[in-house]
Amino acid sequence: MPEGHVIHRLAQVLEATFADTAVRVSSPQGRFSEAAALLDGRQLRSTDVHGKHLLLGFGPEHTVHVHLGLYGRFEVHDRPAEPPRGAVRMRLQTATAHADLRGPARCALVTSDEVAALHDRLGPDPLRDDDPTRFVDRLQRSASAVGRLLMDQTVAAGVGNIYRAEALFRAGINPMTPGREIPTVLAAEIWADLVALMRLGLANGRIDTVRAEHAPQVSGRPPRVDAHGGEVYVYRRAGQPCLICAHEVRTEVVAGRNLFWCPRCQPAADPVPT
DNA sequence: ATCCGATGTCAAT
DNA sequence: TTGACCTCGGATC
């Protein structure tokens, strides 16, 4: 259940574990057997990540496109593989290591054209040093709520439900604010904060938006340690007191996911006087 | 033992 | 907007 930083980290681990050696590729579950046979014995030549999409390059026209979706997992172990338990879609293995992919939304051999189309479709990724002006432009050209736009992978690739809620909290922006009402400087600041937060998440291996550099001061209140392994201001804290102002954190489904915000720290803009 | 929701996306409506 | 995908950990009975 990853946001983009998890996929970037996964790519690093896979590269470190499997580079420069022949990799046995199989599909114990069977649903990837045909492609696995084509890849078996090749070397992992490259990895690439855009948003939440992982690309494993086993040579020209031998790229595997992986997307974990909501419940996929890709676990890497520095020990020889044992007979798989449960459904393993794709297994990579050497004499000393193995990696098991389970429950992905997508695991498929793709052409270079399909790779190009994927990159074209996705918006800038805060972890790819992409151009922030594309993000700012998309935001400011839309009447949609910013809380919706941040979940749109053509607007910002790799941002998920936690970073959406936390970035908006840190910026003090009400999630229902139309993108076009967000000033350029503020939009650029949201991007810069996403870059900082996601880089920190990549380095730490977990999300922490409270102790992150430049975070708003948590006046006298201890940060809440989130049960999911990170520390957050509002994510999944519906009904609990805001860590800054003690107002009750609200929640509402936006873009199909539960969005969380503090109505006091993130007030709706004043109505335009008539 | 069982239910439910989840760091996601797409196709069908 | 809704259901499907197809997995698991935590809450609840």
Side-chain angles (χ1 to χ4, degrees), chain A residues 1-11 13 27-32 49-55 65-75 84-91 99-108 110 114 117-123 125-127 144-145 147-170 175 193-195 197-210 212 224-240 249 251-261:
Chain A
M1 301 180 261
E3 300 197 17
H5 67 296
V6 175
I7 310 304
H8 282 263
R9 168 166 273 240
L10 173 60
V13 172
S27 179
Q29 173 204 52
R31 287 180 60 182
F32 191 62
V49 177
H50 192 156
K52 300 160 191 165
H53 298 256
L54 170 65
L55 297 163
H65 176 204
V66 174
H67 195 296
L68 294 181
L70 190 50
Y71 21 70
R73 299 189 168 202
F74 205 163
E75 293 181 343
R85 295 189 308 278
V88 176
R89 181 78 57 88
M90 177 173 70
R91 166 173 276 186
D100 285 346
L101 173 64
R102 299 166 187 272
R106 181 169 170 80
C107 172
V110 291
E114 288 172 313
L118 176 69
H119 287 305
D120 283 349
R121 176 165 64 82
L122 294 171
D125 180 341
L127 291 175
S144 291
R148 184 176 298 277
L149 291 167
L150 285 182
M151 288 296 276
D152 184 339
Q153 299 298 294
T154 71
V155 174
V159 175
N161 202 22
I162 301 179
Y163 284 126
R164 153 174 85 163
E166 296 296 302
L168 289 173
F169 178 89
R170 285 162 58 92
D193 201 34
L194 287 169
V195 170
L197 290 176
M198 293 178 73
R199 279 183 182 164
L200 190 71
L202 174 60
N204 290 347
R206 63 192 187 86
I207 293 175
D208 182 342
T209 64
V210 175
R224 171 184 184 271
V225 177
D226 182 74
H228 291 74
E231 292 171 1
V232 292
Y233 283 105
V234 290
Y235 176 70
R236 277 228 219 173
R237 295 196 61 241
Q240 298 177 50
V249 172
T251 185
E252 189 174 317
V253 174
V254 175
R257 316 299 304 284
N258 292 322
L259 171 62
F260 305 86
W261 79 100

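Since the model is a prediction, treat every value here as computed from it, not as a measurement. Every chain is numbered from 1, with letters handed out A, B, ... down the list of sequences. Values below: every heavy atom of this structure, side chains too, minus hydrogens, waters and symmetry copies.
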How many whole angstroms separate atom [atom1] of [X] from atom [atom2] of [N]?
| X | N | atom1 | atom2 | result |
| --- | --- | --- | --- | --- |
| A:Leu259 | B:dT7 | CG | P | 11 Å |
| A:Tyr71 | B:dA6 | OH | P | 13 Å |
| A:Arg102 | C:dT7 | CZ | P | 9 Å |
| A:Arg9 | B:dT7 | CZ | C1' | 15 Å |
| A:Arg236 | C:dG10 | CZ | P | 10 Å |
| A:Arg257 | B:dC10 | CZ | P | 13 Å |
| A:Met151 | B:dT7 | CE | P | 7 Å |
| A:Leu70 | B:dG5 | CG | C1' | 9 Å |

Between [X] and [N], is there a side-chain N or O to OP1/OP2 distance below 4.0 Å?
| X | N | result |
| --- | --- | --- |
| A:Gln153 | B:dT9 | yes |
| A:Asn258 | B:dA6 | yes |
| A:Lys52 | B:dT9 | yes |

Side chains of [X] and [Y] in contact at under 4.5 Å (non-hydrogen atoms):
| X | Y | result |
| --- | --- | --- |
| A:Leu118 | A:Leu55 | yes |
| A:Tyr235 | A:Arg164 | no |
| A:Phe260 | A:Arg237 | no |

Next on the checklist: Mind checking if A:Arg31 touches a base, just sugar-phosphate, or nothing, with heavy atoms under 4.0 Å?
Outcome noted: sugar-phosphate
Whole-Å [atom1] distance, [N] and [M]:
| N | M | atom1 | value |
| --- | --- | --- | --- |
| C:dT1 | B:dT7 | C1' | 23 Å |
| C:dG3 | B:dG5 | C1' | 16 Å |
| B:dC4 | C:dA4 | P | 16 Å |
| C:dG9 | B:dT9 | C1' | 22 Å |
| B:dC10 | C:dC8 | P | 23 Å |

Next on the checklist: Looking only at the side chain of A:Arg73 (C-beta and beyond, no hydrogens), which of the listed nucleotides B:dG8, B:dT7, C:dG9 gets closest?
Outcome noted: C:dG9
Checklist entry - Parallel, tilted or perpendicular: which fits the ring planes of A:Phe169 and A:Tyr233, with parallel below 30° and perpendicular above 60°? => result parallel
Checklist entry - Counting distance only, does the side-chain N/O of A:Ser27 pair as donor-acceptor with the main-chain N or O of A:Arg89 below 3.5 Å? => result yes
Next on the checklist: Quick check on DNA chain B: between A:Arg121 and A:His5, whose nearest nucleotide comes earlier from the 5' end?
Outcome noted: A:His5
